[in-house]
Amino acid sequence: MATTTLHHFPAKTITSPTTITQFPENPKTLILQQCKTNKDLNQVHAHLIKTRLHLNPRFTENLLESAAILIPNTTMDYALSIFRNINEPDPSAYNVMIRAFTLKKSPQEALILYQKMNRSSVQPDHFTFPCTLKACSRLRAVREGEQIHAQIVKSRFGSNDLVNNTLIHMYANCGKIEFARKVFDGTSKSDVFTWNSMLSGYVRSECWGEALKLFDEMRNMGVGFDEVTLISVLTACGRLANIELGEWIHEYVETNGLKGSVNLVTSVVDMYAKCGYVDKARSLFDEMDRRDVVAWSAMISGYSQARKCKEVLDVFCDMQMAKVEPNEVTLVSVLSCCAVLGALETGKWVHFYVKKKRMELTVTLGTVLMDFYAKCGLMESAIEVFNKMPFKNVFSWTVLIQGLANNGQGKRALDFYALMLENSIEPNDVTFIGVLSACSHTGLVNEGRGFFVSMSRDFGIDPRTEHYGCMVDILGRAGLIEEAYQFIKNMPIQPNAVIWRTLLASCRAHKNVEIGEESLKNLVRLEPMHSGDYILLSNIYGSVGRWEDAMRVMNQMREKGIKKTPGCSLIELDGEIYEFFAEDSASPYSKEVYNAAEMMIKNIKSAGYMPDAADARLDAEEGDKEASVAHHSEKLAIAFGLIKTPPGTTIRISKNLRVCSDCHNATKIISKVFSREIVVRDRNRFHHFKEGSCSCNDYW
DNA sequence: AGTTCAGGGT
């Protein structure tokens with residue numbers, strides 16, 4: 001006999017340790033206290049039938065409740081079989097079933113049963129409505145909710161607090177906050193639960209100001225408040241950066257001995273972090289004697305929003321040491337910080353973890369995973385995630401479009417934009433930033449103009465500074481410098497420094513001295529301490545041979561006490577991050593790296609590379625200009641990558657500034673001569689170098 | 001027999 005069949009015939013069922021041998025008069029206590037599985041229930045059920053006690057509805061309903069709600073991790077099958085055998089179920093039997101379906105994530109079934117109850121003319125009682133409304137809430141079924149509301153009004157439960165609290169919750173959860181308020185105003189306003197329901201409704205609908213107003217009202221009316229109230233109010237404080245009220249609540253928590261409440265203290269931690277006091281949040285977090293996954297996640301997201309990525313990874317590490325399992329929310333914060341850092345290895349580890357734990361690829365998790373891959377330059381992985389996501393929203397599509405645009409695949413980005421519209425997803429303002437940058441990074445001038453018009457005409461989105469910036473970029477990169485300049489002059493809102501900087505960068509690429517000078521004038525007025533701007537104009541002079549003017553601009557900068565931001569490039573090898581600065585001799589690898597860089601330059605020179613001194617340090621001696629360019633941080637990092645990785649490995653570099661034209665040219669040739677793919681993430685976008693050309697088509 | 005609450009993405 002095959003051994004596998006034996007497993008289905010264990011002797012255990014007969015001599016199970018939970019076997020019930022003695023039955024008390026009232027089986028309810030027994031069912032509640034001892035039944036852990038359906039098998040236990042079976043025995044009680046059998047006993048009830050044998051003793052004909054099952055004809056007593058009270059016993060049967062107790063059994064039903066146990067089967068539907070009290071036995072952990074079980075389906076509704078057993079409960080359904082009991083329910084179907086009840087001759088004329090009364091409201092309580094229906095209530096148990098409706099409550100259980102909602103509890104077990106089948107709110108749809110709950111509503112179907114409620115309809116059946118109506119058809120059978122069983123009168124709902126004051127417990128039926130809350131159970132059913134909760135199901136509507138879960139499903140965001142506002143129409144069904146409204147129908148039930150009408151039935152409530154017609155019934156005698158219209159003034160029942162419990163019923164009204166659930167109504168408020170249902171409307172707020174379905175986004176109908178003004179309906180919720182109407183219900184609230186119709187209550188006696190004497191129950192803290194009612195106030196809490198309304199408060200949480202405002203918080204859920206992101207009406208932070210209304211929430212605080214309600215809390216004020218609550219204190220004026222002297223209804224009192226509890227922990228749940230404070231948690232909602234703290235959320236609103238965090239979003240409004242209302243530190244005064246936040247601190248008042250913190251005081252209240254301290255003086256009233258409420259620090260043992262993990263939820264409440266977590267909310268205080270979150271409030272401080274959102275108000276910008278992340279260190280204060282941390283010290284409070286450290287004082288907690290118990291931390292659950294939400295507390296850890298709040299601290300991690302606090303650091304993540306403060307862009308303190310190193311701290312995010314440290315706390316995440318501590319969390320694992322503390323043996324608290326991260327969940328989706330935790331991982332979203334961690335991934336978004338990996339995206340900022342370009343921490344490919346760590347982010348991949350998180351993705352692996354998600355797969356190992358078979359976590360659901362929700363819209364949020366999927367979107368942040370895509371963004372992470374896109375920001376590490378791995379667009380194919382990003383698209384793979386996108387294709388696996390069962391649901392996508394405007395965020396997901398926007399990340400995809402922006403990712404493709406930044407990785408030099410502008411045409412593909414626009415294809416996906418068209419597909420997005422076909423899928424009836426409405427683009428928002430951020431989507432258009434992606435669409436317009438796809439145009440600018442690909443040189444699609446007329447398409448760009450078209451989208452800029454379409455944005456407000458077809459979708460009612462008013463362009464923001466960022467959108468004007470994209471247009472300036474589109475025109476400027478294409479060499480339409482004069483038009484870009486006029487575009488800025490005609491902008492209905494005040495151009496900021498970023499706009500002028502964009503124009504200045506175009507002037508650098510197209511050697512336009514006059515408008516470059518004009519741009520710098522505006523930049524000096526708006527952000528006088530930004531070193532890169534002076535350097536850009538200086539390079540423009542250099543590129544047309546006006547070395548004296550170039551020197552003059554650099555001196556002007558130095559006189560103002562402005563220091564150059566040193567160029568810095570990072571390379572990740574075996575999960576370790578190596579940092580290189582331009583002309584850096586302090587690095588422990590400097591000798592090795594300089595030798596490697598020298599060899600590398602020699603090699604590409606014989607393949608036709610000509611150094612471009614326009615990007616050199618101006619104070620370098622004439623003969624040293626070439627060496628100055630050769631020691632840009634990027635070249636050092638690439639040289640290091642060449643000697644430290646096996647032939648054929650892709651080299652990934654991130655740098656803090658934009659790629660200079662000499663490095664760009666050199667890297668193209670390196671990719672060909674050494675047969676390497678090289679991916680450079682600069683402060684604006686990606687460059688994928690392969691076989692002598694770059695994904696940006698020399699257009700950045 | 002029931003109701004309110006915390007952390008996340010372009």
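Every chain is numbered from 1 and lettered A, B, ... according to where its sequence line falls, protein lines coming before strand lines. Since we're looking at a predicted model, the values are computed, not measured.
Rounded to whole angstrom, the span from the CG atom of A:Leu258 across to the C1' atom of B:dA6 amounts to 15 Å. One interatomic measurement links the two molecules: CD1 of A:Ile433 to P of B:dT10, which rounds to 12 Å at whole-angstrom precision. Taking atom CG of A:Leu103 as the reference point, atom C1' of B:dG2 lies 12 Å away to the nearest angstrom. Atom CG in A:Asn95 sits about 12 Å away from atom P in B:dT3, given to the nearest Å. Between the C1' atom of B:dT10 and the CG atom of A:Asn428 lies a distance of 7 Å, rounded to the nearest Å. Atoms CG (A:Leu214) and P (B:dC5) sit 14 Å apart, rounded to a whole Å. At whole-Å resolution of the value, CG in A:Leu335 and P in B:dT10 are 12 Å apart. Nucleotide B:dG9 holds its P atom 22 Å from the CZ atom of A:Phe391, rounded to whole Å.
No aromatic stack links A:Phe395 and the base of B:dT10, using centre distance under 5.5 Å and interplanar angle under 30°.
Under the 3.5 Å distance criterion, with hydrogens and angles disregarded, no donor-acceptor pair is assigned to the side chains of A:Asp270 and A:Ser267. Using modelled atom types, one finds no donor on one side chain facing an acceptor on the other under 3.5 Å when comparing A:Asn95 with A:Ser92. Between the side chains of A:Arg282 and A:Tyr272, no donor N or O sits under 3.5 Å from an acceptor N or O. Of the N and O atoms on the side chains of A:Thr187 and A:Thr194, not one donor lies less than 3.5 Å from an acceptor on the other residue. Side-chain N/O atoms of A:Thr266 and A:Asn263 include no donor and acceptor closer than 3.5 Å.
Across all strands, A:Lys274 comes closer than 4.0 Å only to sugar-phosphate atoms, never to a base (heavy-atom distances). Contact annotation for A:Ser92: base contact, defined as any heavy-atom pair under 4.0 Å involving a base atom. Residue A:Ser301 is in sugar-phosphate contact alone, with no base atom involved, counting any heavy-atom pair closer than 4.0 Å across all strands shown. Using a 4.0 Å heavy-atom criterion, one finds that A:Asp270 contacts the sugar-phosphate atoms exclusively. Counting non-hydrogen atoms under 4.0 angstrom, A:Arg291 reaches nothing in the nucleic acid. Counting any heavy atom pair closer than 4.0 Å across all strands shown, A:Gln305 reaches sugar-phosphate atoms only and no base atom. Within 4.0 Å (heavy atoms only), A:Thr235 reaches sugar-phosphate atoms of the nucleic acid but no base atom. As judged by a 4.0 angstrom heavy-atom cut-off over every strand, A:Ser200 is placed among residues touching the sugar-phosphate backbone only. Using a 4.0 Å heavy-atom cutoff across all strands shown, A:Asp292 reaches at least one base atom of the nucleic acid. Within the nucleic acid shown, A:Val294 comes within 4.0 Å of at least one base atom, counting heavy atoms only. Here A:Val394 lies out of heavy-atom contact (under 4.0 Å) with every strand.
The side chain of A:Val228 approaches B:dT4 more closely than any other nucleotide in the set B:dT4, B:dG7, B:dA1. Of the candidate nucleotides B:dT3, B:dG7, B:dG8, B:dG8 has the atom nearest to the side chain of A:Val332. Considering only the side chain of A:Val430, B:dT10 comes nearest among B:dT10, B:dC5, B:dG8. Minimum atom distance to the side chain of A:Ile231 is reached by B:dA6, of the listed B:dT10, B:dA6, B:dG2. Checking B:dT4, B:dG9, B:dG8 against the side-chain heavy atoms of A:Val329 singles out B:dG8 as nearest. You'll find that the side chain of A:Val363 is closest to B:dG9, out of B:dG9, B:dG2, B:dA6.
Counting all heavy atoms, side chain and backbone alike, A:Leu361 lies closest to A:Pro390 at O-CD, 3.5 Å.
Close to B:dG2, at under 4.0 Å from its OP1 or OP2, lies a side-chain N or O of A:Arg99. Between A:Arg204 and B:dT4 there is no side-chain polar atom (N or O) within less than 4.0 angstrom of OP1 or OP2. For the OP1/OP2 pair of B:dT3 and a distance below 4.0 Å, the side-chain nitrogens and oxygens of A:Lys134 include at least one atom meeting the criterion.
With hydrogens and angles left out, the side chain of A:Asn393 and the base of B:dG9 share a donor-acceptor pair within 3.5 Å. Between the side chain of A:Asn327 and the base of B:dG7 there is at least one donor-acceptor pair of N/O atoms closer than 3.5 Å.
Within the 4.5 Å cutoff, the side chain of A:Val340 has no heavy atoms near those of the A:Lys375 side chain.
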